[in-house]
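Right, one structure below, let's go through it.
Please read these numbers as outputs of a predicted model, since none were measured by experiment. Numbering starts at 1 and runs along the sequence shown.
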Amino acid sequence: MAAEHRRSAEPDAAPTVAHHPAHHAATAERPSAPQPEDHPGQRSDAQRSDDQEAQQHEDGQDPNRWKALVICLLGGGIVLLDVSIVNVALQSISSGLTGATPEAVQWILSGYALAFGLLLVPGGRLGDAVGRRRMFVIGVALFTLASALCGFAPNGLVLVIARLVQGLAGGLLTPQVTALIQQLFRGKERGTAFGLFGATVGIATAIGPLVGGLLITAFGTENGWRFVFFVNLPVGLVTILLAFRYLPAAAKAARGRKHDFDPVGIVLLGAAVVALLLPFVQSEQWKSNAKWWLVVAAVVFAVLFVLWERRYGRTKEPVVDLGLFRRRSFSLGVGLATVYFAGFTPLFFVLTLALQSGLGYSALLAGLASVPFAIGSGIASTVGGRVVHRFGRQLIVVGTVLVLLGLGGVVWVVANHYGPDLGWWLVLPLLVGGIGSGLTISPNQTLTLSEVPVEQGGSAGGLIQVGARVGSAIGIAAVGSVFYSSLASTKGDYSQGLPLGLAVSLVFVAVALVAGIVDVVVGKVHHTEASV
């Protein structure tokens with residue numbers, strides 16, 4: 001990419017972090033100059049924006065960065081919550097909604113995942129180019145509107161369409177969160193901020209079934225599923241209002257700039273992502289093996305995308321700077337996230353099915369079973385973000401080992417104590433797995449983006465999320481295939497199907513562990529350890 005295209009598009013864009021210990025110490029410990037109190041009633045938005053730009057020029061830090069982080073976590077949290085909250089609502093949707101056929105129910109899940117993955121990288125690129133606050137607000141607004149449409153859906157078709165729109169909004173919003181953290185924080189603070197984001201990821205994913213169960217219990221099976229979507233409305237509206245106050249606007253110098261949006265690259269990348277995801281998210285509905293030809297098509301689209309980006313990037317701004325993958329911290333981090341999410345995500349999918357369908361747990365009790373994981377993940381993510389600058393990827397190795405122990409514990413418990421009290425037996429292994437997950441997700445996010453220029457934070461963050469979504473789809477398909485095959489052969493014996501399915505998850509997490517160990521060893525040999 002030409003040098004003129006690498007200029008920051010945001011007022012808060014911090015310079016690329018130099019990876020030298022002395023630099024990090026100086027950056028992390030330099031105190032911010034005291035700032036005059038802001039009186040919103042006496043100043044216009046433009047004046048406050050100008051004051052913030054001047055202040056940032058002086059100390060390199062946005063005075064509202066921690067408040068901005070809370071807004072980012074609110075927006076990113078509701079998107080991630082909707083990945084898992086719908087799982088416990090599927091029975092309620094099937095019984096309470098006209099036209100909720102098995103095919104429609106499958107698309108309520110898979111359509112969201114497909115649309116979400118489609119816009120992650122283009123959404124990040126848009127944020128980098130025209131302003132992250134603008135794209136964040138548009139994403140939250142569209143997500144909130146789609147949630148209302150989901151809640152009021154009169155039939156299955158409308159709900160499927162609304163879920164597709166929800167997924168597109170989530171794909172637009174999510175990369176802005178990681179890009180804003182990359183932009184607003186640096187040094188130890190960046191690790192702490194990503195730690196809080198990692199806690200949000202883990203808690204939202206694990207707590208979704210509990211929230212869904214509470215809502216269905218409170219409002220009844222027939223209409224309780226509607227409130228699974230209505231819960232997003234107040235959160236979305238509050239987030240939009242606060243975003244205008246605390247998130248940084250695009251710099252004045254960037255507002256009039258023209259950008260190359262690389263439409264051909266966006267179409268090729270979107271086609272590759274959809275062609276790769278579709279056969280996995282529809283693996284149980286499409287029985288024919290012909291669906292796997294889409295994976296071949298995805299490879300073809302990906303090759304065409306790379307060739308196009310190389311050519312386009314010689315003179316203009318590509319949707320993805322392929323030079324990012326020459327940085328070991330980035331390329332390995334994206335790969336590790338892909339494999340790890342392939343092992344981590346299916347846990348709640350098959351466990352919820354086993355508890356509800358196999359043991360007759362209510363939606364609420366099935367959701368409560370995930371609370372230990374959420375607690376462990378939330379605490380460990382926060383701690384991991386604070387210490388990642390000291391331990392680097394060694395922390396991720398410890399995290400993946402704990403996840404393996406936790407998943408192994410779940411397999412042992414299900415095989416030996418499958419019964420009405422299974423939820424109590426799962427507390428300890430899920431707590432251990434949650435702690436491990438917290439020490440894996442947020443440190444990996446921090447280290448993966450550690451060498452990425454701030455002005456490319458959106459597209460880079462989008463690539464990490466694409467890896468996570470692809471991994472989740474592949475993992476659920478692989479684990480689900482073994483799980484359902486075992487149920488079919490044993491006439492519905494969940495005590496056998498669940499351990500066999502989770503054994504596949506163990507393999508994916510083990511691959512992530514190997515990747516982390518290799519990176520640590522190579523870094524020590526070549527003295528190129530990833531650092532914050």
Under 3.5 Å, which donor-acceptor pairs do the side chains of residues 467-474 form with other protein atoms, sequence neighbours left out?
residue, atom, partner, partner atom, Å
Ser472, OG, Thr345, OG1, 3.0
Ser472, OG, Ala468, O, 2.9

Pair up each side-chain donor or acceptor in residues 406-416 with any protein partner under 3.5 Å, not counting sequence neighbours, and list the distances.
residue, atom, partner, partner atom, Å
Asn416, ND2, Trp412, O, 2.7

Under the ring-ring contact (aromatic ring centres under 6.0 Å, His included) test, residues paired with [X] that sit two or more places apart:
| X | value |
| --- | --- |
| Phe330 | Phe325 |
| Phe280 | Trp292 |
| Phe483 | Tyr494 |

Where the side chain of [X] meets the backbone of [Y], is there a donor-acceptor pair that is under 3.5 Å apart?
| X | Y | value |
| --- | --- | --- |
| Gln176 | Val137 | no |
| Thr174 | Gly170 | yes |
| Asp62 | Leu184 | no |

Heavy-atom distance under 4.5 Å between the side chains of [X] and [Y], does that happen here?
| X | Y | answer |
| --- | --- | --- |
| Val403 | Tyr340 | yes |
| Ser147 | Gln166 | yes |
| Trp425 | Leu430 | no |

Exercise. So does Trp66 have more than 12 non-hydrogen atoms from other groups sitting under 6.0 Å from CH2?
Worked result: yes
Between side-chain atoms of residues 497-514 and protein atoms elsewhere (two or more places apart, or another chain), which donor-acceptor pairs fall under 3.5 Å?
residue, atom, partner, partner atom, Å
Ser505, OG, Gly343, O, 3.2

Problem set entry | Pairing of Arg328 and Glu451 as salt bridge, 4.0 angstrom limit | no
